[in-house]
Structure formats: structure tokens, C-alpha cells
There are 2 protein chains.
Amino acid sequence: MSRATPHHDDCSVTKALDIIGDWWALLILRNAFHGMRTFDALQKQLGISTSVLSSRLKTMTEAGVLQKVVSKADGRSFEYRLTASGHDLYPVLVALMQWGEKWRPSAKGQRLMLIEKASGLPVQGVAVLAADGRPLKPWDVAPVPGPGADERVRELIGPH
Amino acid sequence: MSRATPHHDDCSVTKALDIIGDWWALLILRNAFHGMRTFDALQKQLGISTSVLSSRLKTMTEAGVLQKVVSKADGRSFEYRLTASGHDLYPVLVALMQWGEKWRPSAKGQRLMLIEKASGLPVQGVAVLAADGRPLKPWDVAPVPGPGADERVRELIGPH
DNA sequence: CAGTATCCTCGCAGATACTG
DNA sequence: CAGTATCTGCGAGGATACTG
């Protein structure tokens, strides 16, 4: 991660990566989407050191994707809950998972993490939407063609 | 990144992250989707050191998301093109960008990167699909509820 | 233009120990 | 259970120089 070296990169992707472009952050989120919410459970399942987990949770809380709340049941333990913005990261996770399932299939299939509220059924995955809202297939989309790509990027994102 | 420390984590997300859970890899892909394909252009725009860029391109090529081809026009320069599996990473990028635009809006709005082949129009974004294929809104989905989350994760992903 | 080769450093992550 | 504190290494990444 080059969060250390400041990038004057005014790009949405960069900004998203600033928070979740991190190995542990994504895995914490993955577990959070499965409902895992406590420090201890995360630490044990991920095999992460306590100091790093603590720092990650702090960063993610400050970034507003997680919220630390006192557990009602217990009173002295805590829960890290997904905020609205954290919840909105769900498509990123599902997109990653879909890609992994297609191109790096694991022995045991992996179920998706969210359900549709109305039906209670697991969601299917994620899809790119056309301008009119139709879901598109991968082969229906293509990179912007033609020359001038380098200039376009520099204009859009900025020269370094 | 803890790709160094081996994780016996048989999870699609983990496997996807192994290739693209990296600051530079994602930015390279972002630029690739905009049509930026040469070593030099990438190096200049990203402000990355040549050695790191070289290593990233090698890794990504070996991982099969990029393909190194001789540029027809020139004959002695090269292009790094998205493969089919690289192209399939598009939803991940768009999901990231969408999140960034919503929660970390930049001064100048950012356009999306791909067009629909049929219409030539830029795509709208990405959406989660219900079991029957309907695109869902964020508030229509929820994490799997109830207790037992910790056990579920351990069962699904494995204990460390 | 497209890299490879070296050197160097600084910060991230793990390990361990301790606290309320 | 939920962390903080400290120490230590090692390796990713930048800078620079050189090559076909």
C-alpha cells in the first residue's frame, strides 16, 4: 500500500482503495457481512495479531464503514457493526467473490453473504447495468476504444 | 498484504485478493480499462517506480489477467492487454468507483470506464441481483441474521 | 521505449507481555 | 473479553544507474 506516499489522485477508485484497498480490511468486511462482529472472533478466525486488528478496526471505524457499539447482551463487550457506507461495500465483496468463484474455483463452493429482505433468499451476484438499467452480460461491455487513451486517463485522473 | 504469510483460506474472496488485493494492481487495471496499455504510460501516470511496475505486470500476466503482446504498429514496443479474466474484473472496479463516488465524492465527477457494445453508451454502474435476476437496491439486502455467525464463518471459510 | 540491477530505508506485521 | 505497549524483522517500494 502506498497510502504512505501521498497520491494527489482525485479518483473515486483511489479513494475507495484508501479505506479498503487492504488485505485485512476486506477480510474483516467479508466476515462482518457474514455476521461476525466481535474482536475476539475476528482475531481468532483471521489469525491476525491483536495489534493489527485493533488498528484496522480503528481505521475502519474512523473511516465510517464500521461502528463500535456496546453489546446490549453483555454490557462490557463490543460489537463492530457495518454502517450504511460499510453496507454499501457489499457489491465490491460480491464482485470479488464472483470473480474468485469463476476464475479461482475452490473445492467447496462458496455461498453468497447477503439475502434479499423481501424473500429471504440469497442474492445471485452482481451485474453491470446499462444506461437504461438492464443487467448486462460480460461480453456486452467493452473498454472505451480508439487512441488517445493515455491522454484521456491523464485528464480524468491527473498526471501522477 | 500478507500474501507472504500463507493463509490456508479456501475462500473466493481471498483468492481474488491474492491477485488484485493490491494498491498498484487495481490502479493498473483501472487504467487498462481506460485503454492505457504501455509500460511507459503507466509508469508516468501512476508515478510508480519501474521496478515495481515491472514486477506487478509480471505477476498480473502470470496470473492471467493481463497479456503481453507485441505492438503491431511499432514492432518493438509492447502492450499489456486485458485477458478475458482481466475483463471480468470490471465489476469489481465499477463497484469500487461507485462506492467512492457516493461516499468520497471528488470535485470533478468521474465517468465510468466501459461502454455497452450495442449502444455505445457508457454503462450505469453495478447492481446486486436477486435470485430471479432482478436488480436490487441496497436497502433490499441484508446480512444473514441471527446468531451463530462465528461458527458459520468458521465452517464456510475455515478456522484460520 | 521497456525494462533489469542494486542499494537502502521505513513502516507494516507478528510475537509477546501486560491491563481493566 | 478487548484491547494497549513495545520490540524486532523483513520485505515492499523508491531512487538511481545502466542496457538492448
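By convention in this document, chain letters (A, B, ...) are assigned in the order of the sequence lines, proteins followed by strands, and residues within each chain are numbered from 1. Keep in mind that the numbers below use all heavy atoms, side chains included, and drop hydrogens, waters and symmetry copies.
- Although no hydrogens or angles enter the test, the distance criterion places a donor-acceptor pair under 3.5 Å between the side chain of A:Ser85 and the main chain of A:Gly64.
- In this structure, A:Arg37 atom CZ and D:dC1 atom P are separated by 17 Å, rounded to whole Å.
- A straight line from CG of B:Leu53 to P of C:dC1 spans 13 Å, rounded to a whole angstrom.
- Distance CG/A:Asp40 to OG/A:Ser77: 10.0 Å, rounded to 0.5 Å.
- Ion pairing of B:Asp150 with A:Lys44 is absent here, as no side-chain N (NZ or NE/NH1/NH2) approaches a carboxylate O to less than 4.0 Å.
- In this structure, the NZ atom of B:Lys44 is 16 Å from the P atom of D:dG14, given to the nearest Å.
- Annotation: the span from A:Leu96 atom CG to A:Ile20 atom CD1 amounts to 8.0 Å, rounded to 0.5 Å.
- When the C1' atom of C:dA13 is taken as reference, atom CG of A:Leu46 falls 14 Å away, rounded to whole Å.
- The main-chain N or O of A:Ser51 is never found under 3.5 Å from a side-chain atom of A:Ser55 such that the two would form a donor-acceptor pair.
- In this structure, CH2 of B:Trp24 is placed 10 Å from C1' of D:dG14, rounded to the nearest angstrom.
- As a whole-Å value, the separation of A:Trp23 CH2 from D:dG11 P is 16 Å.
- When the C1' atom of C:dC1 is taken as reference, atom CG of B:Leu42 falls 13 Å away, rounded to whole Å.
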* To do: Spell out protein contact along nucleotides 2-8 of chain C as letters: B when the base is contacted, S when just the sugar-phosphate is, - when no protein heavy atom is under 4.0 Å; keep the 5' to 3' order.
  => SBB----
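- Here the CD1-CZ distance, from B:Ile28 to B:Arg56, works out to 7.0 Å after rounding to the nearest 0.5 Å.
- In this structure a side-chain-to-backbone donor-acceptor pair under 3.5 Å is missing from B:Gln45 to A:Val153.
- Where DNA chain D pairs in unbroken runs of 3 or more (Watson-Crick or G-U, both distances under 3.5 Å), the stems are C:1-20 with D:1-20.
- Here A:Arg152 contributes atom CZ and A:Glu155 contributes atom CD; the two are 9.5 Å apart, rounded to the nearest 0.5 Å.
- Remark: P of D:dG13 and CD1 of B:Ile48 are 8 Å apart, rounded to the nearest angstrom.
- For C:dC12, neither phosphate oxygen OP1 nor OP2 lies less than 4.0 angstrom from any side-chain nitrogen or oxygen of A:Arg56.
- With ring centers used as reference points, B:Phe78 lies 6.0 Å or more from B:Phe39.
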